[in-house]
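Being a predicted model, the structure only gives us computed values, none of them experimental. Ligands are counted one by one from 1 in listed order, and the atoms in each one are counted from 1 as well.
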Amino acid sequence: MKHYIDFHEDVSVSELDELLDTAIKLKAKTKAGVFEPLLSGKSLGMIFTKSSTRTRVSFEVGMYQLGGQPLFLSSDDIQLGRGETIADTAKVLSRMLDGIMIRTHDHRDIVDLRNYGSIPVINGLSDDQHPTQALADLLTIREHKGALRGLKLAYVGDGNNVANSLLQACAKAGMHISVASPQGYTCPEFFVRQAHTDAAVTGSIVQMTADPFEAVKDADVVYTDTWTSMGQEEEKKHRAEIFAPYQVNADLMSHAAKDAIFMHCLPAYRGYEVTADVIDSPCSVVFDEAENRLHAHKAILVHCLLR
Ligand code: CP
Ligand code: NVA
């Protein structure tokens, strides 16, 4: 059974190539108006205990386009939100569905869903990781730059779920990655170690720094995310002060490669992690990146559910 929970554990180097190839093929078909019902008769439960625009819409539309049935399961409405255990939820849903996509806080809950259930589980974001975003990001970079291996991505800002999955994904893809975060807000050592392990195989260089200018030097891709992730709202003011020197603005972008692209998983907060003149400029590919959630997720759905 194929799960898609953790980029390091669940996606091999060859599977990554397959997923990207599948996403590109499915995207071309979608653009041509061809929708093959590959997942006809299959149902995907989509559990959300946090807000979502892109992840929800892309998985829901993706299932429809593949001929399957998506079910939006807000934790406000299902018994999980009233204290039913993850174990019981996993066992019940496994009797009725063909797969579960879940967005929640505690990564452990996603692992438990996998352990207690008997159907594929897809991680739609936890406090620690955002692996479906990372696949759409690689797809976007491949489209804009033609290849992945040997390119440099600079991630500037909070060492959060998006950054952790990018570390894992870049190392798998043979891309160099430099992460610049303030002290105390860098990616957990666990993810850095994993990235180094994969980098030793793929030849990518992994750099952790506190200096945003060092990170973006010669970067082909400059990436940032919100300074205040879901669940951290009370820290917003404090974080805005700590992260101010890490804002991606025109000055910082001028230190990247001449043809560097700007990426952001969205939602974005202009004037905080990125200035409007960068995110709304021609170098920004954020809406291609958002669209690619649909195509990448369809590849993940086929990978996990078609068997
Ligand atoms: N990037 C992303 O995951 O967006 P949503 O929170 O809207 O799903
Ligand atoms: N780091 C952000 C990503 C949102 C898609 C968060 O967790 O809120």
Side-chain angles (χ1 to χ4, degrees), residues 4-7 23 44 46-63 70 72-76 100-110 122-141 153 155-169 179-182 185-188 191 221 223-236 238-240 242-243 246-248 262-270 272-274 279 284-301:
Y4 191 94
I5 296 174
D6 179 309
F7 213 106
L44 177 79
M46 310 193 314
I47 302 174
F48 284 88
T49 75
K50 289 177 171 177
S51 306
S52 171
T53 299
R54 282 143 286 268
T55 307
R56 176 181 172 181
V57 174
S58 55
F59 271 104
E60 199 160 327
V61 170
M63 275 304 280
F72 175 63
L73 306 170
S74 162
S75 59
D76 290 340
I100 302 173
M101 195 284 295
I102 175 166
R103 164 170 289 197
T104 195
H105 290 272
D106 191 345
H107 191 78
R108 184 75 230 168
D109 285 345
I110 304 182
I122 299 168
N123 175 2
L125 179 146
S126 67
D127 288 348
D128 299 345
Q129 299 186 37
H130 198 2
T132 63
Q133 177 72 52
L135 186 69
D137 295 341
L138 293 185
L139 174 61
T140 309
I141 298 166
L153 182 146
Y155 178 94
V156 180
D158 192 15
N160 60 15
N161 41 15
V162 170
N164 295 335
S165 289
L166 278 173
L167 264 178
Q168 295 178 318
V179 179
S181 312
Y185 294 87
T186 194
C187 297
F191 292 105
V221 181
Y223 198 121
T224 192
D225 182 20
T226 181
W227 293 337
T228 307
S229 285
M230 288 178 275
Q232 299 171 334
E233 286 75 10
E234 283 179 6
E235 300 171 36
K236 187 174 174 191
H238 178 61
R239 284 174 164 267
I242 301 262
F243 282 100
Y246 292 81
Q247 182 185 67
V248 177
F262 171 76
M263 296 181 72
H264 190 308
C265 60
L266 304 181
Y269 300 92
R270 288 168 178 77
Y272 289 86
E273 74 273 11
V274 61
I279 194 169
S284 170
V285 300
V286 298
F287 298 111
D288 292 340
E289 185 184 359
E291 178 191 328
N292 277 338
R293 300 295 300 285
L294 171 64
H295 310 298
H297 295 178
K298 283 167 74 177
I300 293 169
L301 287 166

Chemist: Distance to 0.1 Å, residue and atom name: give those for the protein heavy atom nearest to atom 6 (O) of ligand 1.
Modeler: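 Minimum-distance protein heavy atom for atom 6 (O) of ligand 1 reads R103 NH1, 2.8 Å.
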
Chemist: Among all protein heavy atoms, pick out the one at the shortest distance from atom 7 (O) of ligand 2; state its residue, atom name and that distance to 0.1 Å.
Modeler: N161 ND2, 2.8 Å

Chemist: Go through ligand 1 atom by atom and flag the ones less than 4.0 Å from a non-hydrogen atom of C265.
Modeler: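 That gives atoms 1 (N) of ligand 1.
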
Chemist: Ignoring hydrogens, just give me the one of D158, D127, D225, V162 whose non-hydrogen atom is nearest atom 1 (N) of ligand 2.
Modeler: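 Among D158, D127, D225, V162, the closest heavy atom to atom 1 (N) of ligand 2 belongs to D225.
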
Chemist: Please list the nearest protein heavy atom to atom 8 (O) of ligand 2 with its residue and the distance rounded to 0.1 Å.
Modeler: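 Protein heavy atom with the smallest distance to atom 8 (O) of ligand 2: M230 N, 2.8 Å.
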
Chemist: Do T104 and T49 meet the criterion of a side-chain donor-acceptor pair at a distance under 3.5 Å?
Modeler: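 Present: a donor and an acceptor within the cut-off.
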
Chemist: R293 heavy atoms, cut-off 4.0 Å: which ligand 1 atoms fall inside?
Modeler: 1 (N), 2 (C), 3 (O), 4 (O)

Chemist: Would you say H297 and S58 are linked by a side-chain donor-acceptor pair, where the criterion is simply a distance under 3.5 Å?
Modeler: yes

Chemist: I want to know whether Y272 and F243 have ring centres closer than 6.0 Å.
Modeler: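 Ring-ring flag for Y272/F243: false, centres at least 6.0 Å apart.
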
Chemist: Say whether S229, considering both its backbone and side-chain N or O atoms, lies within less than 3.5 Å of an N or O atom on ligand 2.
Modeler: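 Yes, at least one N or O pair falls under 3.5 Å.
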
Chemist: Side chain or backbone, does L266 bring an N or O within less than 3.5 Å of an N or O on ligand 1?
Modeler: yes

Chemist: K50: heavy atom below 4.0 Å from ligand 1, yes or no?
Modeler: no

Chemist: Go through the side-chain N and O atoms of T55 and R103 and say whether any donor and acceptor fall under 3.5 Å apart.
Modeler: yes

Chemist: By number and element, which atoms of ligand 2 are closer than 4.0 Å to a non-hydrogen atom of L266?
Modeler: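 Counting atoms of ligand 2 from 1, those under 4.0 Å from L266 are 5 (C).
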
Chemist: Consider only side-chain N and O atoms of D6 and Q168, and report whether a donor and an acceptor are under 3.5 Å apart.
Modeler: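 D6 vs Q168: donor-acceptor pair found between side chains.
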
Chemist: For the residue pair Y155 and N164, confirm or rule out a side-chain donor-acceptor distance under 3.5 Å.
Modeler: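 Absent: no donor and acceptor within the cut-off.
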
Chemist: So between R54, M230, H130, whose heavy atom ends up nearest atom 3 (O) of ligand 1?
Modeler: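 Looking at heavy atoms only, the winner is H130.
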
Chemist: Whether the Q129 and N123 side chains hold a donor-acceptor pair (N or O, under 3.5 Å, no angle test) is what I'd like checked.
Modeler: no

Chemist: Out of curiosity, M263 CE to L166 CG, how far, rounded to the nearest 0.5 Å?
Modeler: 8.0 Å

